[in-house]
Amino acid sequence: MSRPALPVAISCGEPAGIGPEVAAAAFAALAHEVPMLWLGDPRHLPEGTPHRLVNHASEAADPSPDALPVLAQDFGRPRQPGVADPVHAPQVIEMIARGVALVQDGHALALCTAPIHKKALKDGAGFSHPGHTEYLAALAGVDDVVMMLASDQLRVVPATIHIALDQVPLQLTPRTLRHVIEITHAGLRDLFGIAAPRLAIAGLNPHAGEGGTMGMQERSWINDLVTQMQGEGYGLTGPLPADTMFHAAARARYDAAICMYHDQALIPIKTLDFDKGVNVTLGLPFIRTSPDHGTAFDIAGKGIANPTSMIEAIRMAHRLGQNR
Ligand SMILES: NC(=O)c1ccc[n+]([C@@H]2O[C@H](COP(=O)([O-])OP(=O)(O)OC[C@H]3O[C@@H](n4cnc5c(N)ncnc54)[C@H](O)[C@@H]3O)[C@@H](O)[C@H]2O)c1
Ligand SMILES: N[C@H](C(=O)O)[C@H](O)COP(=O)(O)O
């Protein structure tokens with residue numbers, strides 16, 4: 001059944017970051033193939049970005065090659081590239097919520113979020129979530145979601161995300177790891193069309209604990225959980241020593257790597273494919289992607305940001321949204 005034409009909603013993210021410029025570049029690259037709707041203050045778009053103000057998402061339902069459709073929101077002040085303005089923080093958050101509402105109300109196909117500056121939102125608006133992922137789960141009313149970073153070369157999922165390293169062993173439990181595995185399995189099957197997903201589970205400790213000589217989590221519960229879920233039909237291997245999971249031959253043996261903490265997952269994918277990595281949230285009742293990078297204040301406004309990740313994020317949002 002062909003779906004009605006709907007735009008990918010793009011939340012503007014932190015105006016002082018590279019979000020507006022990579023969104024404008026993505027529009028230039030994709031305008032003929034992907035209908036888009038940018039949510040933000042048009043004054044924050046790079047000078048000369050061809051755009052048109054719309055009052056409703058339906059005015060952006062088809063590709064708009066000549067001008068980026070903008071559902072405008074007055075942010076109160078212009079932006080200063082590289083310097084977050086606390087006055088903007090509440091509106092940055094509101095654009096995310098507006099994008100979610102558009103998708104949930106059937107006016108947008110999917111949501112692609114431009115990078116936010118987590119501390120700027122905390123300082124400027126008391127944003128209590130560690131990032132988009134947790135905020136989107138709250139907006140959607142779901143408890144468990146998963147952050148996957150995906151590219152042609154690798155898919156990774158950190159079982160814990162934006163928490164201090166000394167909290168990782170405390171937050172990692174059989175329940176949390178099971179949920180991450182279940183949601184990742186379902187996402188690969190349902191969104192990425194992988195009928196029997198193969199998941200490689202990284203150990204927490206060096207050498208996956210080396211039989212308990214370098215940490216006990218593998219021996220005390222991770223091994224058992226993997227064995228139990230294998231018995232339930234999940235295609236799992238591990239827990240594996242993380243340092244030998246990411247070379248080419250190892251990557252060929254799985255569809256996604258489940259890692260124990262943020263950097264164990266994000267270092268390999270941002271090393272292998274920083275330009276084309278896409279952040280996709282699994283477990284939401286709608287499609288959400290974002291580029292794999294952040295606000296890049298050090299280069300914001302200089303016109304040198306690479307838009308490829310944003311382009312791939314919008315392209316993936318469109319593709320996954322159409323396949324739902
Ligand atoms: N999806 C998101 O909203 C998201 C993702 C990552 C980081 N962040 C946030 O962004 C802020 C800055 O984070 P960070 O400094 O750790 O990471 P970052 O990705 O913003 O920047 C890290 C380095 O990579 C460079 N870089 C990033 N994107 C680039 C691009 N498209 N082209 C060229 N160079 C690029 C930057 O110039 C910088 O030197 C933090 O508040 C962080 O939480 C948000
Ligand atoms: N993928 C990014 C990273 O961790 O490098 C980002 O922080 C993800 O956070 P969100 O929950 O804001 O998408």
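When reading the values below, keep in mind they use all heavy atoms of this one structure, side chains included, and skip hydrogens, waters and symmetry mates. When a ligand or atom number is given, it counts from 1 through the structure's own listing order.
Taking 4.0 Å as the cut-off between side-chain N and carboxylate O, Asp85 and Arg79 do not count as a salt-bridged pair. Under the 4.0 Å criterion applied to side-chain N and carboxylate O atoms, Lys118 and Glu14 are not assigned as salt-bridge partners. Remark: Arg315 engages Glu33 in a salt bridge, criterion side-chain N to carboxylate O under 4.0 Å. Taking 4.0 Å as the cut-off between side-chain N and carboxylate O, Arg77 and Asp41 do not count as a salt-bridged pair.
Listed by atom number, the atoms of ligand 1 under 4.0 Å from Ser290 heavy atoms are 1 (N).
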Which pairs would a plain distance check flag for residues 102-117, meaning a side-chain donor or acceptor within less than 3.5 Å of a matching protein atom at least two apart in sequence or in another chain?
unit_1 : atom_1 : unit_2 : atom_2 : d
Thr113 : OG1    : Arg288 : NE     : 3.1
Thr113 : OG1    : Arg288 : NH2    : 2.8
His117 : ND1    : Ala120 : N      : 3.2

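Applying the side chain to side chain donor-acceptor pair (under 3.5 Å) test to residues at least two apart or on different chains, the pairs with a partner in residues 244-255 are Arg198-Asp255. Under the side chain to side chain donor-acceptor pair (under 3.5 Å) criterion, the residue pairs touching residues 137-149 are Asp144-His179, with sequence neighbours excluded.
Judged purely by atom type and a 3.5 angstrom limit, Gln91 has no side-chain atom pairing as donor or acceptor with the backbone of Gln73.
With a heavy-atom cut-off of 4.0 Å, Glu14 does not touch ligand 1 at all. Neither the backbone nor the side chain of Thr113 comes within 4.0 Å of ligand 1, counting heavy atoms alone. When non-hydrogen atoms are compared, ligand 1 lies under 4.0 Å from the side chain of Asp298 (C-beta onward) but not from its backbone.
At a 4.0 Å heavy-atom cut-off, the residues surrounding ligand 2 are Lys118, Gly131, His132, Thr133, Met147, His162, His262, Leu266, Lys270, Asn279, Arg288, Asp292, listed by chain and number.
For the pair Pro115 and ligand 1, the shortest N or O to N or O distance does not fall below 3.5 Å.
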